[in-house]
Structure formats: structure tokens, C-alpha cells
Amino acid sequence: MSSRFDPAAADQRWQQKWAEQNCFAADSASPKPKTYVLEMFPYPSGRIHMGHVRNYTMGDVIARYRRMQGFEVLHPMGWDAFGMPAENAAMERKVHPGDWTWSNIATMRDQLKRLGFALDWSRELATCDPAYYGHEQALFLDLFEAGLVYRKESEVNWDPVDMTVLANEQVIDGRGWRSGAVVERRKLSQWFLKITDFAEELLDGLGSLDQWPDKVRLMQENWIGKSRGLQFRFRLAEPVGGTSEIEVFTTRPDTIFGASFVAIAAGHPIAEALAARNEELAAFIAECRAGGTSAAEIETAEKKGFRTTLEVVHPLNPDWRLPVYVANFVLMEYGTGAIFGVPGHDQRDFEFATRYQLPIRRVVASSEEKASAAIGDAAEPMHGVAVNSSFLDGLPTEEASAEIIRRAEAGGWGRGTTQYRLRDWGVSRQRYWGTPIPIVHCDGCGPVPVPRDQLPVVLPQDVNFDIPGNPLDRHPSWGKVECPKCGSRARRETDTLDTFVDSSWYFIRFASQPGDQPFDRAEAEAWLPVAQYIGGVEHAILHLLYARFWTRALNHIRRIGIAEPFKGLFTQGMVTHETYKSLDGRWLAPDEVDVAQGGGLIEAATGSAIERGRIEKMSKSKRNTIDPEPIIDRYGADAVRWFMLSDSPPERDLEWSESSIEGAARFVQRVWRMVGSHGANQGDDVQIDRKLHRTIAAVGDAIDGLQFNKAVAQLYELVGTLEKAPPSASRDFAILTLVRLVSPMAPHLAEECWAKLGQPGLVATADWPAHDPSMLIDDQVTIAVQVNGKLRDTLTAPRGLDRAAAEALALASDKIQRQLDGAAPRKVIVVPDRLVNIVA
RNA sequence: GCGGACGUGGCGGAAUGGUAGACGCUGGAGACUUAAAAUCUUCUGCCCCUCUGGGCGUGCGGGUUCAAGUCCCGCCGUCCGCACCA
């Protein structure tokens with residue numbers, strides 16, 4: 001038996017054993033209580049990165065721990081395999097997106113397997129597989145039939161060079177991120193999912209997700225953006241083009257007497273109608289459209305308007321006319337696309353009114369006495385009491401708003417409504433590498449669903465990426481089909497689905513994988529909801545909101561009996577590394593950097609000095625990545641896993657460091673050496689027994705709370721204690737138990753130790769050790785003794801000492817007497833078994 | 001602008017209102033060794049002191065309390081999310 005643990009041999013040996021014995025297959029028919037542990041599945045970009053390693057290690061600890069606790073655990077892995085990088089690779093390297101993707105999957109699967117994750121590989125899936133996306137098409141049609149899918153003209157960011165739609169985040173400074181071409185806004189017919197139908201439900205549901213981070217719930221709440229207010233109509237003094245009203249929305253009906261103007265969005269139908277007869281207005285609208293949407297541009301953009309000839313009548317005073325502007329800061333997508341401006345109490349309206357010399361009236365004040373105070377150089381958006389507002393005067397904001405809503409409803413000119421910031425989900429993408437939308441366009445019948453027996457609609461293989469645009473559009477035959485309804489010549493939809501659709505139900509497919517339908521309801525419900533979902537916080541909004549919506553939509557059409565897919569959510573921090581830059585501004589990879597003799601950093605190749613940059617998320621662009629695979633080669637899977645769990649709390653960033661991975665590798669060897677010192681010793685060591693049971697309890701609590709760094713610290717302490725302890729039966733038992741305790745984190749090491757100790761079976765399928773609660777209590781306690789709240793002494797005393805005895809013991813201390821210096825204590829506070837504080 | 005989180009040694013970080021700095025890393029000293037690696041022992045918040053010991057200390061300023069890293073008020077700083085959302 002070697003004196004050193006050899007990961008190169010052990011990792012492979014045990015990975016093979018686990019596979020042979022099918023240890024991690026999840027049995028849907030098992031009588032054991034079930035639990036579902038899931039990490040966000042990876043995009044097969046080429047190789048796994050440290051972020052994956054950290055994410056999957058955390059999930060693996062939970063999965064292995066639950067299995068040992070007696071749960072039937074579902075812990076699957078798959079591939080979020082559609083998406084743009086595959087098409088980019090196709091364009092750059094002349095490979096087929098499918099070949100590129102499948103080859104990446106093969107590489108990354110092997111890499112993941114080297115880390116020894118307790119995954120049920122029999123359930124592996126890839127979203128680019130027709131066996132997956134065919135079922136997705138069926139679900140899409142289910143939603144279509146339920147009226148949750150519709151088609152609408154909508155504005156998109158269009159890259160005229162790549163001839164494709166860009167997501168907002170792919171538009172950088174108004175240009176396409178790949179082509180650099182100035183992005184145009186174009187109107188295209190796109191498919192939408194009615195997520196807004198579920199806005200209230202999705203908001204309400206957040207309340208039940210008590211095992212989600214508050215931060216994520218808050219982000220979703222803000223994203224949904226519910227506002228209560230009044231929607232009402234201004235009558236136009238003179239009707240225009242058959243329209244006699246402008247409808248507006250406000251959250252501050254109480255400020256209605258402070259109105260100075262009405263403003264409509266550039267895309268508002270009335271604005272467009274007027275522009276048809278007014279070139280100047282048409283030019284203004286075009287200018288608004290061209291305006292950038294970046295944060296900086298919005299920050300600095302001036303509030304501009306175009307005064308139309310229209311006027312509206314104030315609903316509460318027929319003699320009061322307000323001018324109508326087309327304004328660049330009014331959004332067509334929110335509310336009604338029109339507002340009334342109250343410059344005194346809204347900053348944007350204030351800026352607008354200042355520019356165009358419109359009246360700025362105070363209609364809210366902190367008290368009625370302040371009614372005549374002028375508005376200064378900024379709007380006052382805060383609540384208060386209504387002033388200068390006729391019958392509202394003196395009413396607090398809330399009551400004044402309610403009063404206006406009541407009158408509007410009674411008078412028939414408006415009603416209390418709720419607005420959401422959330423928009424419907426546009427799912428059309430003009431790309432090849434995605435799930436084909438299963439619709440046929442017929443000139444006679446309109447959009448017609450592809451019949452179920454013709455699913456899946458499979459992507460054609462024979463495509464090329466020599467010219468920009470969507471190859472599906474120019475494929476010679478794929479798009480040419482007969483209308484399923486009338487049989488006449490028709491066109492297949494060539495848009496594909498947003499890849500967020502793929503990831504909105506993969507967790508259901510993992511739970512149940514029949515061939516003839518997306519999932520079996522009963523089997524899926526046996527596993528779902530996911531008990532613990534783990535992934536990056538960058539998915540806090542989109543993926544997690546879409547998946548919640550999709551699940552609720554399936555629930556709505558009675559396909560599944562759960563409303564929320566993820567009971568517990570954990571968002572882990574990033575893996576970071578210092579960055580390095582040469583003096584001429586090139587990013588340098590860590591292995592291109594050397595330490596100079598003076599301790600400074602130099603570029604290895606040139607010997608010249610370099611600049612040490614900030615610690616940032618590992619990224620290719622900053623060249624500060626560490627490839628996990630050579631690290632596994634060098635230190636073994638368990639050291640890498642241990643490092644990922646040590647030191648930093650899992651929700652915070654983890655900085656990669658060479659010395660920490662070495663520390664982790666050292667720990668692996670320490671455990672191995674300790675197991676070597678196990679023998680057939682006699683005698684109890686009650687201190688060891690106590691330490692062991694406290695550790696069992698603490699490690700279990702820490703894993704339950706996803707505080708892996710604390711579990712790790714507990715195990716270090718136990719090892720430290722055992723190293724110093726003399727041989728005893730207690731120590732031997734503790735070593736055996738230690739092996740089980742470290743097994744979720746360092747499973748290969750644990751198996752090797754388990755075997756060495758002659759234990760039957762695999763530690764992976766052993767029971768989690770139980771702790772004896774009576775062993776957690778020591779009969780000796782350390783009592784802190786304070787004088788005036790400052791620690792002056794500590795005493796060892798039997799547990800359960802009464803107050804008087806504790807006080808007496810404390811006062812008997814030399815150190816305390818010296819502190820008191822003859823003074824009589826004025827007061828003594830005793831916390832039994834913990835502390836005595838003497839107030840002198 | 002709105003919303004949120006965070007701020008503790010040289011570093012990562014521990015601390016149900018009750019002994020601040022567990023555990024790890026780094027560093028120092030020593031043991032073993034011809035030597036190195038590995039391993040082991042030991043020290044490692046700052047300051048004063050020969051020692052016993054003492055003073056200071058959780059971003060800053062106040063407050064509550066017998067007792068505050070923890071609770072409250074006000075600042076400062078860093079990071080994150082959203083953003084012309086009416």
C-alpha cells in the first residue's frame with residue numbers, strides 16, 4: 001500500500017466502479033423518498049471552465065449527501081446545445097454547427113466524468129437532438145392551441161450585414177457586436193408567448209419561494225414591475241382622423257390638477273397619423289427612433305418634444321385646455337404610450353416643461369401651509385397632501401388618488417388599472433441552430449400548426465454559412481411544403497425558437513423521458529419540483545422567469561400539477577482570477593507571467609514589467625482563465641473539488657489561487673495518512689467521541705444550509721484533533737466516520753479509504769453517519785468573566801452551575817479581584833454556562 | 001435616478017446580542033535530512049512591556065444595552081441589478 005494517495009489511479013478506478021454498479025441511476029419507482037438536485041445545464045462551448053466545476057461540485061455534494069441520507073436522488077446532466085456560437089463557428093471554420101456542437105459535448109462529457117460527479121448519465125439529453133426538440137415543438141403547439149402563442153409585428157434590432165435579428169445585449173453602441181454595422185430598427189412578424197397573462201401569478205408565486213435568495217425574488221419582482229394607477233381618456237378639443245381621445249396611464253392620479261401638457265410616444269398612432277401630413281413631425285419621429293438606448297445615452301438625452309396643433313380638455317374642468325406634444329421620452333411599449341405631464345412632481349416632466357416654458361404648479365406639499373411655496377429647481381415626486389387641487393385639497397396622496405379613481409369610474413372617463421413592465425416573450429429568432437417553429441404559412445389559411453404526426457420538424461443538414469443570414473430561408477426545398485389544412489402550396493416557418501425555450505422545460509424531461517410524448521405527468525410529478533437548483537445569478541431573471549412561466553403555462557393547460565418548478569434555488573458566485581496586462585496593453589494569461597527576483601511581476605517571454613490588474617471573473621477576453629483539466633491531471637479530482645468548496649462562501653466569488661489548490665491537495669493526503677494510522681485499538685476517548693459527534697452534526701447542518709466552506713472547516717478541525725489524539729477505539733471509529741463525512745466532497749479519496757479500511761460496498765451508497773445528541777453536550781463548560789463588559793478571565797466549571805455559584809466563582813478569581821481593586825460590584829449579570837459580567 | 005448587497009488581520013473568511021479573528025492560505029522559527037522535497041512542532045491583528053501584564057481593535061460618527069462585528073440613526077466607500085416604466 002502506497003504511503004501517498006494516488007489520484008491518477010484512484011479517480012479512474014472508482015469512476016469505473018460507480019458506473020459498473022450504476023450507483024447514481026435514479027429509480028422513478030423507488031419506494032424511498034425522492035429528491036431532485038439540479039445544476040443549470042451547460043452550453044457546450046468547447047471545454048468546461050472553472051465556473052462549471054464549482055457549480056457542479058456544489059450540486060454533487062448535495063446529491064451525494066442526500067443519497068447517503070436515504071433519498072432516491074435524481075441528479076441528471078445534459079446540454080443546452082442550441083445557440084449562436086455554433087453558427088459563428090460554422091462561419092469561421094466551415095464546420096457544421098451540429099458537428100461542432102456534438103464534438104464539444106463529447107469533450108465536455110469526458111471532462112465532467114473526470115470529476116466523478118454522481119450523475120445519472122442514462123438521462124443525458126441535448127436540446128439540439130430531434131428527440132428533444134420534437135417534444136418541444138409539441139409543447140409549443142399545445143400552448144398555441146391554448147391561445148398562449150400569437151404572432152405580432154414588432155420592432156427588432158436588425159443587423160443589415162449579418163442579416164439577422166440581434167438581442168439587445170448584442171447591440172453595442174448602436175452597432176452589431178459581430179459585424180460592427182449600424183443596427184436598424186425593423187418591423188418583423190414575430191411569435192410571442194403570452195407571459196403577461198401570468199404576470200400577476202408570477203409575482204404572487206414569488207411569495208411561496210421561501211428557499212430562493214431574496215435578491216433573485218426582488219429582481220424578478222422589479223422585472224415584472226407592477227404599478228397600480230389610473231387609466232383615463234383626455235377628450236381632444238378637435239377630433240383628428242376619426243380619433244377623439246387620448247388615453248393615458250398614471251400612478252399619481254392625485255396630481256391631476258398639476259397637469260401642464262399631454263405627451264404621446266413617437267410610435268403612437270395619433271403621432272403617425274399627424275406625421276403623414278406633416279414633414280417636420282415625421283422628421284422629429286425619425287430622430288426619436290434613431291436615438292440610442294444605452295444607459296449613457298438615456299442619461300444625457302435631452303427631453304425633446306414636438307408641439308402638435310392638438311389640444312385636449314381636462315377631464316375635471318371643461319374650460320381647461322392642455323397642449324399635446326410628441327415627446328422622445330414617452331415609451332410606446334409601456335402603459336398607453338401617452339402621458340399627462342405634471343412638471344411639479346415628476347422630474348422628466350419638469351425638464352420638459354422648463355425647456356418649453358410650460359407651467360410648473362405645486363399640487364402636493366408636505367403640509368397644507370406650504371401650498372404656496374414655489375417648486376425649486378427640481379421636481380418633488382414625494383407623497384404628501386394635495387394642495388391647489390380643488391376638492392382634493394388637504395387629502396393625503398393615497399386618499400387623493402383613490403378619490404380621483406372613484407370619480408373617474410363614476411364619471412365614465414377612466415378606471416383604476418394595473419400596469420406591468422413585463423412584456424410578452426418574443427421567441428422568434430432568424431437563425432438556423434435552434435428548434436424549428438412547427439408552423440406552416442398558407443396564403444389561404446394563415447399560420448397553420450404542423451400536424452402532430454409530422455413532428456419533429458427536423459432541421460435540414462445540407463446548409464451552408466458562406467453568406468450571412470438564415471440558411472433556412474435560402475434552403476432550396478426545406479421550406480416548401482403543402483398546407484396541412486387545404487393542401488395548397490405553402491411555406492414552412494423558417495424562424496427558430498429562442499434557446500430560452502429549450503431551457504424552460506429540460507428539468508421536466510430529465511424527470512421523465514417517454515418516447516411518444518414530452519413527459520409522463522405522473523412520473524414528472526414524482527420528482528418535481530426541483531428540490532435544489534444551483535446556477536449562476538446571471539440567470540436570475542430571464543431563464544428563471546421563463547421556466548417559471550412555462551411551468552405555469554403547462555399547469556394552466558393541465559399538463560402538469562405543479563406551478564413552480566424550483567423549490568430551492570441557490571446562486572453561486574463566480575470563479576475569479578487576477579488579470580495581467582503588458583505595458584503596451586495586451587492581456588496576458590497567468591502562465592505568461594513570472595515573478596521577478598525583486599518580487600514584481602514580469603512577462604515570461606520578454607522579461608519586461610507588467611501591470612497587475614483587478615481580480616475579475618475568469619474570461620477569455622481578459623485571458624485570466626485557468627483550464628480545469630491540467631489542474632485535475634496534476635492534483636486529482638478531489639483536490640479540485642475540495643478547493644471549490646473551501647474558503648469562500650459559495651454565494652460569493654472564489655479567487656483561484658495556486659496555494660489554495662495545493663492546500664486542498666495536502667488535505668487529501670492528510671486524510672489518507674490518517675486512515676493509514678487506523679488500527680484495532682482499545683479504549684474510549686470521550687473527548688474524541690464528543691468532537692466526532694459535534695462534527696457530524698455541524699457538517700450535516702452546513703451542507704443542509706449550503707455552507708460548504710463551514711463544512712470544510714469542521715472537517716479540518718476534526719482531522720487536526722484526530723492527528724493529535726493517542727490511539728483508541730474512539731479514534732479508530734472517528735477515522736472510519738470521517739471517511740463517510742468527507743465522501744460527498746472528496747468521493748474518490750473516500751472510496752479508496754473505505755476499501756483500505758475493509759468496509760463492505762461503496763461509501764457512495766453507505767449511510768450518512770448519525771450523531772448522538774447527548775454527545776454534543778460537554779459536562780465541563782468555559783465561562784467568560786467580564787468586568788464592565790471587557791473579558792478579564794475565563795473559568796472552567798461543571799455544566800449547570802447555578803447563578804450564585806457562578807458569581808462566587810467569578811469573584812474568587814485573582815484577575816477579577818485585581819481588576820476590581822477592592823471596589824464592590826454594583827451588579828452582576830450571569831448567563832448560565834456562558835458568561836459572568838461584573839458591573840463595577 | 002430607483003432598488004439591493006457588502007465593508008472583520010498580510011489574504012480568503014468564522015462568530016443564536018455574550019471569550020472577535022474558528023478553519024485555510026501566506027510568513028517566521030525549529031525538528032527530521034548530506035541536501036532538497038514531503039512531513040512534523042511552534043508562533044503569526046496592532047501597540048506598549050524584561051516578565052506577570054496592559055492598551056487599542058470589526059469602514060467613519062452617534063445611539064440603545066450590564067454587554068454591539070451583530071440592533072437603531074446618520075455618513076463614507078465598493079460591488080450588483082434595473083433604468084426616460086409615467
Side-chain angles (χ1 to χ4, degrees), chain A residues 3-4 213-216 218-223 225-227 229-230 248-252 255 263 265 291 293-295 297-299 301-303 327-331 333-342 345-349 351-352 378 381 419-423 537-538 540-541 642-643 646-649 651-655 657-664 666-667 669-670 673 707 709-720 723-724 782-795 814-815 818-819 825-831 833-840:
Chain A
S3 62
R4 285 185 67 78
D214 291 342
K215 176 192 168 93
V216 174
L218 196 67
M219 281 164 75
Q220 292 214 352
E221 189 180 319
N222 292 338
W223 189 262
K226 179 179 181 173
S227 316
L230 171 68
V248 300
F249 173 74
T250 179
T251 56
R252 291 293 299 274
T255 63
T293 52
S294 74
E297 283 167 308
I298 287 164
E299 198 78 45
E302 281 191 80
K303 307 288 176 279
N328 65 350
F329 67 93
V330 181
L331 304 174
E333 308 85 60
Y334 183 77
T336 60
I339 61 156
F340 72 95
V342 183
H345 305 285
D346 180 284
Q347 186 57 28
R348 289 157 311 166
D349 297 350
E351 287 169 31
F352 191 82
Q419 285 289 337
Y420 299 92
R421 211 187 71 106
L422 185 69
R423 312 281 152 72
V537 73
E538 66 273 19
I541 297 176
W642 190 259
F643 170 78
S646 308
D647 299 348
S648 284
E651 67 278 10
R652 275 200 230 168
D653 289 352
L654 172 69
E655 192 190 348
S657 106
E658 200 72 21
S659 48
S660 287
I661 181 72
E662 281 177 5
R666 212 152 40 223
F667 176 76
Q669 297 299 340
R670 270 172 85 187
R673 275 196 304 276
Q707 299 175 307
N709 56 324
K710 290 196 214 167
V712 162
Q714 286 292 331
L715 290 165
Y716 270 117
E717 271 199 56
L718 178 61
V719 169
E723 280 170 343
K724 292 183 181 71
T782 305
I783 295 175
V785 185
Q786 300 177 333
V787 176
N788 293 330
K790 284 192 190 301
L791 182 74
R792 296 300 175 187
D793 198 6
T794 55
L795 306 169
D814 286 348
K815 289 177 184 172
R818 213 179 310 136
Q819 279 294 325
R826 287 196 289 139
K827 190 175 176 185
V828 179
I829 283 112
V830 178
V831 182
D833 293 336
R834 293 215 66 151
L835 165 143
V836 178
N837 187 16
I838 296 155
V839 185

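Chain letters run A, B, ... following the sequence lines, proteins first, then strands; residues in each count from 1.
To the nearest angstrom, P of B:U39 lies 7 Å from CZ of A:Arg4. Put simply, CG on A:Asn788 is 15 Å from P on B:U65, counting in whole angstrom units. Atom-to-atom, CD1 of A:Ile838 to C1' of B:C66 comes out at 11 Å; the value is rounded to the nearest Å. To the nearest angstrom, P of B:C82 lies 17 Å from CG of A:Leu331. When rounded to the nearest whole Å, the span between CG of A:Asn222 and P of B:G81 equals 13 Å. Going from atom CD of A:Gln419 over to atom P of B:A86 covers 9 Å, rounded to whole Å. Per the geometry, CZ belonging to A:Arg421 stands 17 Å off P belonging to B:C2, to the nearest Å. Across the protein-nucleic acid pair, A:Leu218 atom CG and B:G3 atom P stand 10 Å apart, rounded to whole Å.
Between the P atoms of B:U8 and B:G12, the separation comes to 8 Å (whole Å). Across B:C60 and B:G77, the matching P atoms stand 15 Å from one another, rounded to whole Å. Between B:A20 and B:U58, the distance separating the two P atoms is 12 Å to the nearest Å. Straight-line distance between the C1' atoms of B:U19 and B:G57: roughly 15 Å, to the nearest whole Å. The separation of B:G21 from B:U44, taken at their C1' atoms, amounts to 12 Å, rounded to a whole angstrom. Straight-line distance between the C1' atoms of B:G13 and B:G24: roughly 8 Å, to the nearest whole Å. Spacing of P atoms, B:C32 relative to B:C23, comes out at 27 Å, to the nearest Å. With both ends at atom C1', the span from B:U39 to B:C48 equals 38 Å, rounded to whole Å.
Between A:Phe249 and A:Tyr334, the ring planes lie perpendicular to each other; the angle is over 60°, past the 30° to 60° tilted range.
From A:Ile838, atom CD1 reaches atom CG of A:Asp793 across 9.5 Å, with rounding to the nearest 0.5 Å. We find the OG-CZ distance between A:Ser227 and A:Arg252 to be 12.5 Å, quoted to the nearest 0.5 Å. Atom CZ of A:Arg423 is separated from atom CD of A:Glu333 by 5.5 Å, given to the nearest 0.5 angstrom. Atom CG of A:Asn328 sits about 11.5 Å away from atom CZ of A:Arg348, to the nearest 0.5 Å. The line from OG1 of A:Thr336 to CG of A:Leu331 is 11.0 Å long, rounded to the nearest 0.5 Å. Distance check, rounded to the nearest 0.5 Å: CD of A:Gln714 to CG of A:Asn709 gives 11.0 Å.
Nucleotide B:A20 forms a pair with no other nucleotide shown, judged by Watson-Crick or G-U wobble geometry with both contacts under 3.5 Å. In this entry B:A14 has no Watson-Crick or G-U wobble partner, no candidate having both defining distances under 3.5 Å. Under the Watson-Crick or G-U wobble criterion, with both distances below 3.5 Å, B:A5 is paired with B:U78. Across all strands shown, B:C71 forms a Watson-Crick or G-U wobble pair, both distances under 3.5 Å, with B:G63. Pair check for B:C40 finds B:G30; Watson-Crick or G-U wobble, both atom distances under 3.5 Å.
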Within the sub-3.5 Å range, which N or O atoms of nucleotides 50-57 of chain B have a protein N or O partner, and how far apart are they?
unit_1	atom_1	unit_2	atom_2	d
B:G54	OP1	A:Gln819	NE2	3.4
B:G55	OP1	A:Arg792	NH2	3.4
B:G55	OP2	A:Arg792	NH1	3.0

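Checking B:C66, B:A86, B:G4 against the side-chain heavy atoms of A:Val330 singles out B:A86 as nearest.
Not a single donor-acceptor pair, N or O on each side, falls under 3.5 Å between the base of B:C85 and the side chain of A:Arg348.
Checking A:Asp346 against A:Lys215, the closest nucleotide of RNA chain B that is more toward the 5' end is the one next to A:Lys215.
Phosphate contact (OP1/OP2 of B:A86, side-chain N/O of A:Thr336, threshold under 4.0 Å): absent.
In B:G9 the O4'-C1'-N dihedral to the base is within 90° of 0, which defines a syn nucleotide.
Nearest heavy-atom pair, A:Val828 versus A:Val836, reported as atom, atom and distance to 0.1 Å: CG1-CG1, 3.7 Å.
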Sugar-phosphate or base contact per nucleotide [nucleotides 11-27 of chain B; S, B, -; heavy atom under 4.0 Å]: -BSSSB-BB--BSSSS-

